[in-house]
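Atom set for the values below is all heavy atoms of this structure, side chains included, hydrogens, waters and symmetry mates excluded. Residue numbering restarts at 1 for every chain, and letters A, B, ... go by the order of the sequence lines.
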2 protein chains.
Amino acid sequence: MEKKLPTIKEIAKRLNISISTVSRALHDHHSIGLRTKLAVKKLAAELNYEPNQTAIFFKQRKTFTIGVILPNLREEFFSSAINGIEKTALDNNYIVLTSQSHDDLEREKNIVESMKKHRVDGILASISKNTTRIDHFEQLKNYDIPVVFFDRVPDVPDVHSVSCNLYHSSVEAVDFLVKKGHKRIAYIQGPSTLNIKNERLNGYYDALAKNSIKADDALVVSTDLSTDGNTGALDKLLALKKRPTAVILFNDYVALDVIHHARQRKLAINKDISFVSYANIPFMHYLETPPVASVEQFPYEQGARATELLFKLLDPNAKQGLPPYENIVLKSELIIH
Amino acid sequence: MEKKLPTIKEIAKRLNISISTVSRALHDHHSIGLRTKLAVKKLAAELNYEPNQTAIFFKQRKTFTIGVILPNLREEFFSSAINGIEKTALDNNYIVLTSQSHDDLEREKNIVESMKKHRVDGILASISKNTTRIDHFEQLKNYDIPVVFFDRVPDVPDVHSVSCNLYHSSVEAVDFLVKKGHKRIAYIQGPSTLNIKNERLNGYYDALAKNSIKADDALVVSTDLSTDGNTGALDKLLALKKRPTAVILFNDYVALDVIHHARQRKLAINKDISFVSYANIPFMHYLETPPVASVEQFPYEQGARATELLFKLLDPNAKQGLPPYENIVLKSELIIH
DNA sequence: CTGTTAGCGCATTCAA
DNA sequence: TTGAATGCGCTAACAG
């Protein structure tokens, strides 16, 4: 039942010329007779000829495909990043193979293997929260598959990356809250693996010091980003004799759970307690009581920049002049709502 | 700088046997000597041999890749669908190429072309709201690329599809509101292209009749799904002398805008006005005043079922017994919150 | 049980 | 300006 698609061979036969002539004609090779060229193109159009990309991929050792590995697509942060990636990729005639790790390291490894098998030309990755070692990415060097990490980047020197520096916004966040009159400012941090550089927490501590507020270790709690972890973290803070009046949250998804939970515990949000968060996803605006401020991390730009960097790495000409490892750092912004 | 990966040729040379013997050994072909087989496998392991998939794709005329075309990934509805698709695909050793049409027909066409070029084995699609003709999908028949539509399916008979019948839930939704005491029940419908079968509206009208409520055309308004369209539709209803006390909304994304807008207009939600919606995305639970009920459309299952159907179409053995066009219809469920 | 051969569709080097 | 020949890595039909 196989349909037989036209090939250059077919065209060559019909025109009684050689395969290579057809190939050249279709590629507008300089040394080709106008007559034959036109004839070839005409017949090609008639036959509805289209080159078999799999053959070309095979021959060129390129698939014009980039793989994207990220924790999940459910979070608007990552779907925005995908938009930036897709845009840049499509502009370069590349196509995007996306796969979700669901924050599972084993899955992440499988995806890498699968993408390697499929011979993607390069990979963009935002690592899972359980990824501490990146051997599965490192091995790709043996296959000439460059990797650019974005947003969730591993804390090692010898990788390419695009990320957002959250330090200054973290300072601003505390400043903002202090200016609003808050003195007991808590902080709910994420898993340590995503926090290695600790920009958020360092900013938090530095800003407290700057504002002459004594840091209180009881005010810093952790979540594993699960709903239980998120609400549990809030509960811990609410159990303190001296409750915080403001809480800085690891990101907007933590914020969703925490704000929801605070409502259920009958707290008057923005009165009893105020929240600041990270990510600034548009969705939050639908909440009746969104965080009073959120740190914009520019997912679209991160995705786009990471893709551009990957293309630079993929370009054999430009490759020479590149520094061994490029680490692009965007500046986050505190957005007051 | 090209790294040279080991090939079966290389293995053959080193072992002084033929290429085909190596190939067979690696595939556990039955007629192969145990000694040679082990030797081959041993060397293959040592050399870190991995078959070049692009060569195999080329030879087998298969890429083990399925393309997914959908309006966007931002909506949790579609990212859930992707999860169902990814799961099923990965279980079958397929990989998923996803692309967003952003509800733009031209883009959708480009994606189809691009996927065709990349020789995906099959395509899953949820069409854009501007897609009225599906020639760009139809032509894929000439390339033996089967297409299965899901959720947003074109209203033509000769396609494979998986969708969710919303009629009964629509009736239930009205019944539910009537039972709650509502008599003026409005309906905000989506673009006509996504509404061809009109299951929502038919259910609405039938249920009104069943409950002896006279339908009022002024209570049925439309949105193009943009934020302005959504809020404008509500405004139209609020401008009526006799305002509705309940509104059924095309989907949860319309609901987000409408509920937000209603709040801004100082309406007491669930008191002045109540909402019922479609999609039942988990995100809505974070709202302080989510719709009182929502119709579950099972995106994950739709994705999974559509993928299974696609694999059936891809399977040359099973293909024989298939009906020419399969249209799987799931039953939606009204979920009371 | 193993080797030989051909070919998938195309690009490309070498000859003419 | 064109053609012939080669090979990319692998599978499989055929032959021994």
Handout entry: Within residues 52-59 of chain B: residues closer than 4.0 Å to DNA chain C (heavy atoms)
Key = B/F58, B/K59
Handout entry: Axial bend angle, the helix from C/dC1-D/dG16 to C/dA16-D/dT1: five-pair end segments, nearest 10°
Key = 50°
Does [X] have any salt bridge (charged side-chain N to carboxylate O under 4.0 Å, His left out) partners at least two apart in sequence or in another chain, and if so, which?
X      : answer
B/R24  : none
B/E108 : none
A/R35  : none

Exercise for the section: Could you tell me whether A/T7 contacts a base, only the sugar-phosphate backbone, or nothing, with contacts defined as non-hydrogen atoms closer than 4.0 Å? Expected result: sugar-phosphate
Handout entry: Residues which pass side chain to side chain contact (heavy atoms under 4.5 Å, CB included) with B/D91, listed by chain and number, not counting sequence neighbours
Key = B/K87
Practice task
Return the set of residues passing side chain to side chain contact (heavy atoms under 4.5 Å, CB included) with B/T7 (not counting sequence neighbours), or none when no residue passes.
Solution key: B/K9, B/E10
Practice task
For C/dG9, take OP1 and OP2 only and decide whether either is under 4.0 Å from a side-chain N or O of B/R61.
Solution key: yes
Practice task
Ignoring backbone atoms, test whether B/S23 places a side-chain nitrogen or oxygen under 4.0 Å from the OP1 or OP2 oxygen of D/dC10.
Solution key: no
Do any side-chain atoms of residues 117-127 of chain B form donor-acceptor pairs under 3.5 angstrom with protein atoms, and if so which ones, sequence neighbours left out?
| unit_1 | atom_1 | unit_2 | atom_2 | d |
| --- | --- | --- | --- | --- |
| B/D121 | OD1 | B/T63 | N | 3.0 |
| B/D121 | OD1 | B/T63 | OG1 | 3.4 |
| B/D121 | OD2 | B/T63 | N | 3.3 |
| B/D121 | OD2 | B/F64 | N | 2.7 |
| B/D121 | OD2 | B/Y94 | OH | 3.3 |
| B/S126 | OG | B/F150 | O | 2.9 |
| B/S126 | OG | B/R152 | N | 3.2 |

What pairs of nitrogen or oxygen atoms, one from the protein and one from nucleotides 1-4 of chain C, lie under 3.5 Å apart?
| unit_1 | atom_1 | unit_2 | atom_2 | d |
| --- | --- | --- | --- | --- |
| C/dT2 | OP1 | B/T36 | OG1 | 3.4 |
| C/dT2 | OP2 | B/G33 | N | 2.5 |
| C/dT2 | OP2 | B/T36 | OG1 | 2.8 |
| C/dG3 | OP2 | B/S18 | N | 3.2 |
| C/dG3 | OP2 | B/S18 | OG | 3.4 |
| C/dG3 | OP2 | B/T21 | OG1 | 2.4 |
| C/dG3 | N7 | B/R24 | NH2 | 2.6 |
| C/dG3 | O6 | B/R24 | NH1 | 2.8 |
| C/dG3 | O6 | B/R24 | NH2 | 3.2 |
| C/dT4 | O4 | B/S20 | OG | 3.1 |

Please report, rounded to the nearest Å, how far the [atom2] atom of [N] is from the [atom1] atom of [X].
X      : N      : atom1 : atom2 : value
A/L5   : C/dC8  : CG    : C1'   : 13 Å
A/I8   : C/dC8  : CD1   : P     : 12 Å
A/R119 : D/dC10 : CZ    : C1'   : 12 Å
B/D28  : D/dA12 : CG    : P     : 14 Å
A/L47  : C/dG9  : CG    : P     : 14 Å
A/K13  : C/dG9  : NZ    : P     : 11 Å
A/K9   : D/dA5  : NZ    : C1'   : 14 Å
A/K62  : C/dG9  : NZ    : C1'   : 19 Å

Practice task
Name all pairs fulfilling the side-chain hydrogen bond (donor to acceptor under 3.5 Å, both in side chains) condition that reach into residues 39-53 of chain A, sequence neighbours left out, sorted by first residue then second.
Solution key: A/D28-A/K41, A/K42-A/E46, A/E50-B/K116, A/E50-B/Y143, A/N52-A/T54
Handout entry: Side-chain donor/acceptor of A/E86 to backbone N/O of A/N83, under 3.5 Å
Key = no
Problem - Donor-acceptor contact below 3.5 Å, side chain B/E308 vs main chain B/T88 - result: no
Completion exercise
Which of C/dA11, C/dC8, D/dA12 is nearest the side chain of A/Q60? It is C/dA11
Pairs of donor and acceptor atoms involving the side chains of residues 15-23 of chain B, under 3.5 Å and at least two apart or interchain, shall be tabulated with distances.
| unit_1 | atom_1 | unit_2 | atom_2 | d |
| --- | --- | --- | --- | --- |
| B/S18 | OG | B/S20 | OG | 3.1 |
| B/S18 | OG | B/T21 | N | 3.3 |
| B/S18 | OG | B/T21 | OG1 | 2.9 |

Fill in the blank from the handout: Interatomic distance, CG@A/L26 vs NZ@A/K37, rounded to 0.5 Å, equals 10.5 Å
Completion exercise
Hits for ring pair (Phe, Tyr, Trp, His ring centres under 6.0 Å) against B/Y300, two or more places apart or cross-chain, chain-then-number order -> none
